[in-house]
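Okay, so here's the structure we're looking at.
For clarity, every value in this text was computed on a predicted model and none was experimentally measured.
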Amino acid sequence: MSQATNQSWGGRFSEPTDAFVERFTASVNFDQRLAPQDIQGSIAHATMLARVGVLTDDERDAIINGLSEIKGEIERGEFEWSVPLEDVHMNIEARLTDKIGITGKKLHTGRSRNDQVATDIRLFMRDAIDVIEAELVRLREGMIGLADREAETIMPGFTHLQTAQPVTFGHHLLAWQEMMARDHERLLDCRRRVNVMPLGAAALAGTTYPIDRHVTAELLGFERPAENSLDAVSDRDFAIEFTSFASILLMHLSRMSEELVLWTSAQFDFIDLPDRFCTGSSIMPQKKNPDVPELVRGKTGRIYGHLMSLLTLMKSQPLAYNKDNQEDKEPLFDAVDTVRDCLKAFADMVPAIEPKKASMFEAARKGFSTATDLADYLVRKGVAFRDAHEIVGQSVAYGLKAEKDLSEMTLDELKQFSATIEQDVFEVLTLEGSVAARNHIGGTAPDQVRAAAQRARDALAAIKGEAQ
Ligand code: ARG
């Protein structure tokens with residue numbers, strides 16, 4: 001082997017790599033994050049090779065001991081990463097050969113960096129998904145708990161951001177929870193397709209050694225070996241699926257963030273966020289800014305960006321492996337870190353939301369939010385819905401002029417618009433009456449909210465950690 005060229009593939013080269021090209025093509029500065037998975041995969045590979053007789057048991061043991069020591073060196077920060085060695089795989093293999101000599105060079109038998117890196121990323125993603133799932137479960141539990149506690153708290157419900165009808169705060173929180181429940185399903189669905197093993201595909205066509213891919217898959221906890229070697233080393237659709245999940249999740253978190261930001265403003269004044277989730281202003285002493293939700297809203301953009309990066313990275317790649325795929329790691333790593341941190345922020349923050357009940361109630365009382373209830377009342381008394389709509393419209397117009405909500409008018413004032421209106425109208429014009437009347441599955445009545453919270457708890461218990 002030529003001394004002047006890269007040691008792992010230098011045989012056919014007659015001059016060393018250009019210094020810039022070496023730096024340009026190297027990935028070790030970011031893919032060293034895959035070291036734990038790389039070692040885990042190599043140990044399983046060596047174990048399988050010994051099982052089928054390609055390595056002796058002594059060779060296997062030397063490799064496994066060497067790799068375990070290297071793992072310790074990396075964890076203690078003692079490992080010296082080398083850019084000329086290009087990536088995490090060749091760094092670890094070179095160190096193994098340093099330590100145990102010629103046996104270290106046998107580890108790569110029946111394997112290529114192409115199936116090795118695809119396996120490492122899948123192992124990494126599986127671990128990441130499990131950490132993310134735990135935060136998502138914590139967030140869902142927090143939402144359900146708060147919804148149950150606030151089942152009777154009344155706030156205005158909005159369409160077009162205009163006061164529409166009164167709802168309960170618990171009902172609003174359970175709407176958020178439904179979004180998270182669907183994201184949870186998408187995450188677990190993604191995990192099923194991540195958990196398939198490329199190892200054994202070798203460079204692209206498989207290998208001539210008598211490998212047993214079922215053994216390696218079982219050792220690594222994969223559901224099964226990938227069906228086709230060309231596909232196994234080339235496609236990164238599982239990474240695209242993860243960033244799709246992440247994009248939808250962040251879109252949801254961004255919507256919730258927007259509401260939290262609005263609600264903490266003096267104009268809405270619906271909730272307080274504890275000081276630990278907010279920061280002040282260096283110039284305006286009165287300010288308390290909802291930085292955490294604002295940042296989550298802002299981070300949505302970078303997640304969408306990672307999805308676009310990966311989709312574009314993959315398009316037009318001919319089978320099988322291409323170096324383009326080295327570009328999958330940075331977006332994916334950042335997506336994993338961002339999703340985990342945003343979920344952690346929300347899981348910590350949501351149970352700490354302090355609703356300002358009087359202020360929410362007052363806002364619901366002000367916006368003629370029981371107008372639909374008055375129309376429904378008239379319909380129950382035999383008025384056609386379109387006529388009832390017209391009568392209530394006139395009452396609201398009068399209320400705007402007189403600066404009175406419907407429930408603040410006297411019976412005589414209301415009777416100007418319809419003689420059908422009697423004393424019992426005031427039962428439906430109260431906010432409590434209005435929400436309690438929407439008493440069917442999916443409705444905002446406090447009893448329904450409590451029942452829905454219980455169903456959500458049961459559904460979460462059934463799905464939680466299903467993958468592990
Ligand atoms: N660093 C490469 C990657 O991330 C590893 C595979 C390289 N394989 C190759 N034949 N150049 O994709």
In sequence, state the C-alpha distance, the side-chain angles, and the governing distance for Tyr398 and Ser395, and then conclude on side-chain contact (heavy atoms from CB on, under 4.5 Å).
CA-CA 5 Å; Tyr398 169 82; Ser395 323; 5.6 Å; no
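- Around atom CD of Glu294, more than 12 heavy atoms belonging to other residues, nucleotides or ligands sit under 6.0 Å away.
- Cation-pi geometry between Arg122 and Phe222 is not met: the NZ or CZ atom fails to fall both under 6.0 Å from the ring centre and inside 45° of the normal.
- Heavy-atom contacts from other residues, nucleotides or ligands closer than 6.0 Å to CD of Gln286 number more than 12.
- Counting only residues at least two apart or on different chains, no ring pair (Phe, Tyr, Trp, His ring centres under 6.0 Å) pair has a member in residues 288-322.
- Between the side chains of Asp412 and Thr410, no donor-acceptor pair is found at a separation under 3.5 Å.
- Residues His172 and Glu259 have side chains that bring a donor and an acceptor to within less than 3.5 angstrom of each other.
- Under the 6.0 Å cut-off for aromatic ring centres, Phe333 and Phe30 do not qualify, their centroids lying 6.0 Å or more apart.
- A tilted orientation is assigned to the rings of Trp263 and Phe270, their planes being inclined by 30° to 60°.
- Atom CE in Met256 sits 10.0 Å away from atom CD1 in Ile353 (nearest 0.5 Å).
- With a 4.5 Å cut-off on side-chain heavy atoms, Leu429 and Leu414 count as touching.
- No more than 12 heavy-atom neighbours from other residues, nucleotides or ligands sit within 6.0 angstrom of CD on Glu327.
- For Ser434 and Thr370, the side-chain atoms include no donor-acceptor pair closer than 3.5 Å.
- In the displayed structure, Arg455 atom CZ is contacted under 6.0 Å by more than 12 heavy atoms of other residues, nucleotides or ligands.
- Crowding of Lys356 atom NZ: a count of heavy atoms from other residues, nucleotides or ligands under 6.0 Å exceeding 12.
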Determine all donor-acceptor pairs shorter than 3.5 Å in which one atom belongs to a side chain in residues 245-252; sequence neighbours excluded.
unit_1, atom_1, unit_2, atom_2, d
Ser247, OG, Thr243, O, 2.8
His252, ND1, Asp183, OD2, 2.7

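- A donor-acceptor pair shorter than 3.5 Å cannot be found between the side chains of Asn195 and Glu223.
- At a threshold of 4.0 Å, the pair Asp189-Arg186 does not count as salt-bridged, since none of the basic side-chain nitrogens sits closer than that to a carboxylate oxygen.
- Under 4.0 Å is where a charged nitrogen must lie from a carboxylate oxygen, and between Asp337 and Arg33 at least one such pair does.
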